[in-house]
Number of protein chains: 2
Amino acid sequence: MGPKAAEARTRTPLTRERVLQAASDLADRDGLEALTMRALADALGVEAMSIYYHLPNKDAILDGVVELTFTEVGTEAHGRGTGRSQADAAGWAPAVRERILGARRVLLRHPWAPVVIDQRKSFSPAMVRHVDGIVGIMREAGMSHDLIHHSLHAIGNRIYGYVQELSDDGQAPPPGQLDEMQSFAPNLAAMLADVAHVDPESTLGWCDDQTEFEFGLDLLLEGIERRRLAEAAA
Amino acid sequence: MGPKAAEARTRTPLTRERVLQAASDLADRDGLEALTMRALADALGVEAMSIYYHLPNKDAILDGVVELTFTEVGTEAHGRGTGRSQADAAGWAPAVRERILGARRVLLRHPWAPVVIDQRKSFSPAMVRHVDGIVGIMREAGMSHDLIHHSLHAIGNRIYGYVQELSDDGQAPPPGQLDEMQSFAPNLAAMLADVAHVDPESTLGWCDDQTEFEFGLDLLLEGIERRRLAEAAA
DNA sequence: GAAAGAAACCTCACGTTGTAAGGTGAACAG
DNA sequence: CTGTTCACCTTACAACGTGAGGTTTCTTTC
């Protein structure tokens with residue numbers, strides 16, 4: 001009713017990019033479940049339905065933020081000195097490793113991204129580019145397409161810099177629950193008790209996510225390297 | 001109002017188990033997104049709110065169906081001849097492998113389960129028991145708790161018989177999209193084109209999910225075995 | 001049998017979600 | 001001045017999970 005003149009401020013018009021950036025920021029700050037159309041509109045100083053003028057629906061927004069995240073992955077890879085140059089036969093594994101850890105660094109800043117990625121199994125161009133870079137490195141090491149293909153599947157989620165949940169906050173199991181576990185899962189209980197004691201004040205609660213990630217990654221890369229050598233010998 | 005006498009049929013009363021079984025069946029048949037309180041109640045011949053008498057909320061139902069699925073995994077493991085007996089130092093890997101592939105067989109019958117598991121990261125007793133069995137096998141092979149711990153993380157999702165999406169229907173990418181990809185992801189495009197041609201009438205569209213799963217699993221098991229030998233030598 | 005009490009189920013309603021349909025005001029073209 | 005187009009808003013709806021409280025059905029006790 002009122003002349004609400006105060007909001008006639010040179011309001012920068014919405015764009016696809018501004019919406020997606022706001023969506024990413026909102027998810028970073030308040031979590032994925034807080035990313036609703038109304039909340040997003042609110043963050044943009046706009047009504048919910050206005051967003052639909054720039055993006056068809058919420059799925060497009062989810063696809064969009066994943067795309068945006070992997071654009072970030074792309075710049076992360078360029079920043080480091082991991083050019084294609086050192087991707088000879090010997091150095092392919094470290095090169096791939098660095099690419100993957102780079103992606104992981106970005107994804108750690110957007111913990112909601114993994115969730116969106118594999119609940120929507122989105123394939124954005126930026127994502128494809130990331131995979132393509134890794135394929136390129138492997139190809140330059142002389143691996144067959146078949147071996148590369150299997151290897152991508154083997155590495156799985158890890159290509160994108162995560163596996164399972166990132167923000168797992170690997171915290172120690174409550175002692176009460178561990179006692180209960182002793183009765184029907186003695187091996188697991190023993191392991192947990194043992195491992196928790198080894199380094200009581202580790203970086204995280206009781207297991208360092210990054211270490212685990214790299215352990216698994218290296219296991220795979222070693223195995224792939226052995227397959228590559230077998231292939232080269234044939 | 002009406003005397004609705006027809007429905008006075010000896011209706012078996014709801015129980016937690018009946019609800020969970022119906023939920024699992026419903027998800028099997030119509031997919032996870034079809035598993036709503038109202039639809040579930042309908043399948044049970046009951047109103048939605050009646051379910052709340054037996055289960056506190058929907059999360060409890062999701063936890064419950066995962067539990068139920070892993071009970072199935074437990075019986076699957078017992079059926080096979082993969083007792084602890086052959087879990088000596090040499091045979092630990094095949095034993096673990098069989099346990100994992102057994103879990104996979106079950107999870108393939110419930111494609112929604114992986115989604116629920118890692119979107120809710122549920123830890124049911126039956127799930128814990130499954131992991132415990134694997135820890136037991138590794139322990140009997142003389143591995144340290146530390147190595148076992150790392151190994152579990154390395155295997156990751158695969159412990160539960162899946163990785164990423166199960167019902168991926170790994171079908172060939174549409175040729176149009178592949179052409180477009182050629183411009184900005186040449187390595188990937190080349191690989192896809194190449195691999196698709198190798199065996200045109202494979203079991204699945206163009207890559208066999210089971211083969212990929214086992215490839216990755218074996219890569220990891222081999223690597224772990226080498227770590228175990230290194231540990232034993234020390 | 002009847003009456004009391006508990007157990008099992010239902011009705012109604014609310015808040016939240018994504019989004020279809022269509023309205024409103026500003027900028028601009030003729 | 002008049003229409004068209006763009007950008008945004010208002011209203012509304014169906015589907016979701018679920019709180020509050022009413023109603024039916026079964027069981028127990030006399």
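For the numbers below, each heavy atom of this structure counts, side chains included, while hydrogens, waters and symmetry mates do not. Reminder, nothing fancy here: chain letters follow the sequence lines and each chain counts from 1. Source: prediction; values computed, not measured.
- One can place CD of A/Glu47 at 5 Å from P of D/dC9, the figure rounded to the nearest angstrom.
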Should B/His149 and B/His153 be marked as a ring-ring contact (aromatic ring centres under 6.0 Å, His included) after you check the CA-CA gap, both sets of side-chain angles, and the distance that decides it?
CA-CA 7 Å; B/His149 177 220; B/His153 275 281; 4.9 Å; yes

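- Taking the ring centroids of A/Tyr160 and A/Phe70, they lie under the 6.0 Å cut-off.
- B/Leu62 has its CG atom 13 Å from the C1' atom of D/dC16, to the nearest Å.
- For C/dA8, the OP1/OP2 oxygens have a side-chain nitrogen or oxygen of B/Tyr53 closer than 4.0 Å.
- A salt bridge does not link A/Glu214 to A/Arg104: none of the charged side-chain nitrogens sits closer than 4.0 Å to a carboxylate oxygen.
- In this structure the side chain of B/Asp42 never reaches within 4.5 angstrom of the side chain of B/Glu47, judged on heavy atoms.
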Letter by letter from the 5' end, nucleotides 15-25 of chain C scores (B base, S sugar-phosphate only, - none; protein heavy atoms under 4.0 Å) --BBBBB----

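- A sub-4.0 Å separation between OP1 or OP2 of D/dA7 and a side-chain N or O of A/Ser50 is absent.
- Listed pair A/His54 / D/dC8 meets the phosphate criterion, a side-chain N or O lying under 4.0 Å from OP1 or OP2.
- Straight-line distance from the CZ atom of A/Arg16 to the C1' atom of D/dA7: 18 Å, rounded to whole Å.
- Contact annotation: the side chain of B/Phe123 never approaches that of B/Val131 to less than 4.5 Å [non-hydrogen atoms, C-beta and beyond].
- Rounded to a whole Å, the CD1 atom of A/Ile51 is 15 Å from the P atom of D/dA7.
- Taking the charged nitrogens against the carboxylate oxygens, B/Arg109 and B/Asp28 have no contact shorter than 4.0 Å, which rules out a salt bridge.
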